[in-house]
Amino acid sequence: MVKDFIDTNEFTREQLVDMIELSLAIKRAIRSGYYPPLMQDMTLGMIFQQSSTRTRVSFETAMSQMGGHAQYLGPGMIQLGGHETIGDTGKVLSRLVDVVMARVIEHRTIVELAQSCTVPVLNGMSDYNHPTQEIGDLCTIFEHLPQGKRLKDVKVVFVGDGTQVCASLGFITTKLGMHFVHYGPAGHQLTEKHQTILERNCQLSGGSWLVTDDRSAVRDADFIYTDVWYGLYENEMPKEERVQVFHDYQVNRELMALGAIGCKFLHCLPATRGEDVTDEVADSASSLCWEQAGNRLTAMRGLLVYFTRCRPEHTELEIAAARDTLERFLQDRIYC
Ligand code: CP
């Protein structure tokens with residue numbers, strides 16, 4: 001069992017399906033009014049080197065709903081990489097919390113953190129990938145499979161910049177035997193390194209992949225997915241340059257019409273309305289982007305449970321003995 005959730009390529013197809021099905025099972029339980037106390041008495045340390053809405057709020061809500069607690073360790077709030085090395089931070093946090101998640105600027109930071117932590121570490125996005133987004137997105141795809149189709153029949157087209165979300169979508173869809181296309185402009189497509197992984201995944205799963213700037217590759221898509229144009233947050237291009245490079249890659253009514261009948265729109269959000277997607281598409285009946293945002297919570301619950309399920313169980317007898325010992329100790333003290 002891999003201790004950390006850093007990259008979905010470290011897991012088998014069966015393990016990933018298990019994570020998705022666990023996430024959906026907990027969602028169904030909560031929808032029916034049962035909040036399983038699966039994180040009871042546990043604490044999640046949430047390191048953020050960048051801002052976040054969905055990742056931060058969904059992790060914190062997931063912990064509260066399942067009886068645990070989350071601590072927000074935002075940019076500049078802890079010593080990580082400043083006065084304290086990443087390795088030392090990992091050793092310390094492992095003694096203070098039960099599980100760690102981190103959104104990092106550079107992927108090597110999350111890898112180093114995971115190596116130094118003895119508790120599970122979950123990747124809340126790096127410059128390389130966004131695996132918790134992948135599990136949430138697959139929950140949404142599982143819930144909206146086109147009628148009569150199985151995963152091996154489904155075509156997912158990512159439109160626009162080859163961001164870490166694009167790479168992640170390619171990783172998980174090819175791992176699960178689906179058909180993945182990145183339709184994006186030259187210079188902003190998934191790299192050879194990404195393509196090597198997509199090819200390896202497809203050889204094992206029977207899926208397919210294509211990276212292209214040929215618009216006809218969008219035809220018959222079951223899902224059309226996009227992200228903001230060029231990088232995220234701090235790294236953006238000037239608007240004029242963005243529009244010049246990506247203007248053919250806006251997800252609008254014309255592009256959606258190339259998809260299969262019933263084609264759905266996906267977006268990891270935040271969106272830049274009027275650039276990567278039109279209001280008309282984002283707010284249409286075909287848009288699943290709001291459900292997708294809700295399924296970030298679905299995924300966080302499942303992943304937190306999946307990666308902490310190995311914690312030691314104590315018997316009723318052990319718990320009662322521990323309580324008696326502590327009570328005897330306290331009774332001997334004058335302050336009780
Ligand atoms: N999609 C996503 O990760 O959103 P946040 O940056 O708001 O967490």
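Numbers here are sequence positions counted from 1. Counting starts at 1 for both ligands and their atoms, in listed order.
Ligand 1 has no N or O atom lying under 3.5 Å from any N or O atom of P270, backbone or side chain. The shortest N/O to N/O separation between R103 and ligand 1 falls below 3.5 Å. The shortest N or O to N or O distance between M125 and ligand 1 is not under 3.5 Å. Residue R56 has no N or O atom closer than 3.5 Å to an N or O atom of ligand 1.
Below 4.0 Å from some heavy atom of H130 lie the following atoms of ligand 1, by number and element: 2 (C), 3 (O). Counting the atoms of ligand 1 from 1 in the order shown, those under 4.0 Å from a heavy atom of Q133 are 1 (N), 2 (C), 3 (O). Close approach of ligand 1 to C268 (heavy-atom distance below 4.0 Å) involves ligand atoms 1 (N).
Contact record, Q292 with D137: NE2-OD1, 2.9 Å, taken as the closest heavy-atom pair.
Below 30°, between 30° and 60°, or above 60°: for Y128 and F171 the angle between ring planes is between 30° and 60°, a tilted geometry.
A ring-ring contact (aromatic ring centres under 6.0 Å, His included) check over residues 27-65, counting only residues at least two apart or in different chains, returns the pairs F48-Y72.
A donor-acceptor pair under 3.5 Å is formed between the side chain of D127 and the backbone N or O of H107.
At a heavy-atom cutoff of 4.0 Å, ligand 1 is contacted by no atom of V165, backbone or side chain.
Checked against I141 for a side chain to side chain contact (heavy atoms under 4.5 Å, CB included), the options N295, L288, L266 give a single hit: L266.
The 12-atom threshold is exceeded at CG of L326, counting heavy atoms of other residues, nucleotides or ligands nearer than 6.0 Å.
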